[in-house]
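Predicted model, so just to flag it, every value in this text is computed and none were measured.
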Amino acid sequence: MNNVNIRDSVRRTEDIRFVSGQGTYIDDMNADGQLVGMFVRSPHAHAAINGFDKTDALALDGVVEVITGADWAKLGFGFIPSNSAVKENTDGTPIAVPERSCLAATRVRFVGEPVAMVIAETLDAAREARDLVEVDYAPLDAVTHPVKALEPGAPQLHNGVDGNLCVHWELGDGDATEAELEASDHVVALELHNNRVTAAPIEPRGTLAIPDMETGVTTIYQSTQNIHALRAAIAKILRLENDQLRHVAPDVGGGFGGKNSLYPEPVVTVYAARNLGRPVKWVNDRSESFLSDTHGRSQYTTVELGLDADGTFRALRTTTIGELGAYCGTVGAFTPTGGSARTQGGVYAFKAMHYRARAGFTNTAPLDPYRGAGRPEGSFQIERIVEKAARDLGFDPIELRRQNIMPKASLPLKTAMGLDVDCGDFLTVFEKTLAMSERAGFAARAAKSEENNKLRGFAIAPYLECTGGMPKEHAIVTFSKNGAAHLAVGSHSTGMGHETALCQILSAELGLDMDHISFTQADTDATPLGGGHGGSRGMELGGNAVRQTADEIVAVGKQIAAYQFECEVGMVDFEDGSFFQPGSNNTMSVGEAVSASFNPDALPDDLAPGCMNIGSTFERGVISIPNGCHAAEVEVDPDTGVIDVIGFWIVDDFGTIINPLLADGQVMGGVGQGLGQAILEQAVYDGDSGQLVTGTFLDYAMPRADDMPHMTLDYYEGSPTEKNPLGVKGAGEAGCCGAPPAIVNAVLDALKDHGVTHIEMPMTPEAVWRSIHLT
Amino acid sequence: MYEFNFNRPASIADALTAIADADDGQFMAGGQTMIPVLKQRLAMPSDVVELANIDDLKGIAVDGGTVTIGAMTPHSEVHNSLEVADAIPALADLAGMIGDPHVRNRGTIGGSVANNDPAADYPAAVVGLGATVVTDRREIAGDDFFVDLFETALVEGELITAVRFPLPDKAAYMKFPNPASRYAIVGVFVSQSNGDVRVAVTGAGPCVFREVAMETALAADFSADAVAGISVSGDDFNNDIHASAEYRAHLVTVMAKRAVIKAG
């Protein structure tokens, strides 16, 4: 018997499969008669295409088809959609969403943009043919820097898009913020760069499309985060009905936002399979991943903070330039606008806030959500300006924060950015983090560092977050007569452990043995709707859908029990997997109820056999507010600039913790990506040629195990949310919201006696060394 | 990769014949650089002559005055060898800093020095210890072996069979790894043998080189202070997104200082 409860650290049931090589990834899958597809990609950052010649490629043995951008244009299909929640500029005009074809026909706008697909009997033939497709390019000037792209005279990417500007947008009260800044005793300003990064999931993107010529249905196996939405988008582009496509994501080796978008390659792969009547498989290699996956972050920002003489915050103004890349991605303009604006100001109280953003097009891979999608940018902006204010004005950074954190008594409230903060105890979380972080011993540790010619620093960084993603989720439970349950959900784990956590919720709610619950996710045949993965929505949407389904199962079970007990339904209670009638000896286990649910004789007239098989759609009312606090202790080698992150302490308020072990994994992984962004990672394009300089792991510095600090984690559950029945707040993206400011500010604390007040991310050894020795 | 003929000879003689018979043959000695190059279609050899089956190219031998390492000995074997650790601990230490465990299990000393990557670690040991590169036809002094960026004294078809290291009185290697690739941004190997001091620098320039000013200073006074004040010109140094030439020049002094301290 393996009965579990909420808050149990149930070990991940999927891991046996993953660590023993039994996972199913796209590259592992093969279908009878399968063809191999590969994409011809632009070697130019910006060029006109004068023509294609596929003669030599088609003549090669084993090559079945070559689809060029020109061919694609003749087919008359739709364009790649962008569904930004921000659709209008400040002045009410629509944002610019240039058309993006799945295969470029007349112009390419970034290195790696697909211009043709070759389909062959073998991978070798496809690769050979890829090199034989001739594309006549006429190179154009390129611009890869988001600020330069918006300057007069910059190379223009899209006809009809003046000055490469996609969106200009603002949120908050500009006049009130200006007035508050005017009235402030101090205004501290800081220019910041939020570095451009790429998710680099361990499994590259890929698709296997298998057409069934009898039914007309094509099954799409894809390494993606979001099958229901993508199926609809692919169907729309290819002018199909949704039910002509079945979309399945098998095991997915990481997404982090980078597999959220609709990309061109799967669309063309599906078309090719349907057109040729044979399965077609395409899998990116690592170089293609670097070139063609969406990138994240990339903002150039000015932050201004107005304070009273005693340190009380009055107003915050953020002026930012974001970047879309060559085209609008699926979420597109939202990330540098609404996505970054919502959580401005973090956990601090302000009289007024104002956020202004412009974002434009550059000759680079499109940018779209990357873990956090704007909130880490916002968190970095506020925590850096608060630290700067403390340093410039002589406040203790800890005390200045403590003084300005929104008091619990002020909640619920709507922030000046319109965010509905229903609950939280930010000061308690802050104090708990501080207490955990061994401050008492810091002076001694710093002295020891100094003896070794090292500099020690500490910083604390509270963060305020919010969830996001699709607002509806569906769960279906189907029982077998023997009592085993099958759970299908529309939410989607790309490695996070939902197979464990969602089954755990069902097990806990129904008192079912975990071992008797099987699981399906990410299959359009398994659930009628689903919101996939994104916005820390797994437990908030998927978890609550399971919980709601379980509640509905219990309600039916009570009817069955009441029929057998010969009592009113209202007299039946349910607890620990048993239906019972208080004050009597009448009991019925869930298993017995399931068994009865298949027996017409055991059911009241209004219930049909199979009545405990229930699917239910949960709909979120208002997004939740995860929050927490990170603290970091670092040691800097002033001779080399090397940063060693020595200690890391975290207290998170994610509401109810379904499974602490899984939550820990989410937090640690997020910190890994936050640390990566803070000190290691950056996607670099050459300013002249527009080539991606960091096109391999030799140049793109991913964090490794030995870069990671020991982390001490705790959770605060003293401030439950009523926004959803489980009381969960979302855990997936918090780690990379808190880690960058905590680490960067800790390094600056270590360097404070050297007059260093700012270093851009990533804080590479050379950047740190230069700041010490050459400023 | 493009098509090529694949040979796996079991003797040095057969390997030399295979390479001589090929239109455009290449030896493969671990393949840690070559395989990625082939996969990227950046090379198109007619024949690949893989050396892993040749027993005469493997193994470690220590006699009174030298450590001889067969060309096809993987880094992990050098790193884990108690004999090497006893005779030249700095060499075992260096081998353990190369790449990651997978690379160390496949990559070989012969492959590393023949490739002469400007950021490879072994060239620093070969020059820093005054080692001798032994080939199928001659012996080449370490000082003469590394010619320029990816260029060595080897002639076409010449096969490294072993590298022979003299035992120093003391030696140490300090490496500043590239955070992404873990190759050396700067690596400095120092040694002292009978008053003769060598300081070999890898990673900083297009090819491993000796830092003569530091050698002179250390010969007079083998201490960190002796090199602390010696700044190196970065004029011909590598300059990339990870480290400027100026920073590399600075790191040469820092790593040299630390290597001297480590050497004891």
One option among B:L251, B:I185, B:I241 has the most heavy-atom pairs under 4.5 Å with chain A, and it is B:I241
Any side-chain heavy atom of [X] within less than 4.5 Å of one from [Y]?
X	Y	value
B:F189	B:V199	no
B:V48	B:M34	yes
A:L123	A:M38	yes

Between chain B and chain A, which N and O donor-acceptor pairs fall under 3.5 Å? A table would be great.
| unit_1 | atom_1 | unit_2 | atom_2 | d |
| --- | --- | --- | --- | --- |
| B:Q40 | NE2 | A:S287 | OG | 3.4 |
| B:R41 | NH1 | A:D131 | OD2 | 2.9 |
| B:R41 | NH2 | A:E128 | OE1 | 3.1 |
| B:A180 | O | A:R704 | NH2 | 2.1 |
| B:R182 | NH1 | A:D706 | OD1 | 3.3 |
| B:R182 | NH1 | A:D706 | OD2 | 2.9 |
| B:R182 | NH2 | A:D706 | OD1 | 3.0 |
| B:R182 | NH2 | A:D707 | OD2 | 3.3 |
| B:H242 | NE2 | A:D699 | OD1 | 2.8 |
| B:S244 | N | A:E766 | OE1 | 2.7 |
| B:S244 | OG | A:E766 | OE2 | 2.5 |
| B:S244 | OG | A:R770 | NH2 | 3.1 |
| B:E246 | OE1 | A:R770 | NH1 | 3.2 |
| B:E246 | OE1 | A:R770 | NH2 | 2.7 |
| B:Y247 | OH | A:T640 | O | 2.4 |
| B:H250 | NE2 | A:D639 | O | 2.5 |
| B:H250 | NE2 | A:W769 | NE1 | 2.9 |
| B:R258 | NH1 | A:D637 | OD2 | 2.9 |
| B:R258 | NH2 | A:D637 | OD1 | 3.2 |
| B:R258 | NH2 | A:D637 | OD2 | 2.9 |

Measuring centre to centre across the rings, with the benzene-like ring taken for any Trp, is B:F209 within less than 6.0 Å of B:F237?
yes
Can you see which heavy atom on A:P740 is nearest to which on A:M761, and at what distance?
CB-SD, 3.9 Å
Under 4.5 Å to a heavy atom of chain B? For A:P703 that would be neither
Ignoring hydrogens and geometry, is there a side-chain-to-backbone donor-acceptor pair from B:N116 to B:D148 under 3.5 Å?
yes
Honestly, the part of B:M1 sitting under 4.5 Å from a heavy atom of chain A is backbone
Which class fits the ring pair B:Y122 and B:H75: parallel under 30°, tilted 30 to 60°, perpendicular over 60°?
tilted
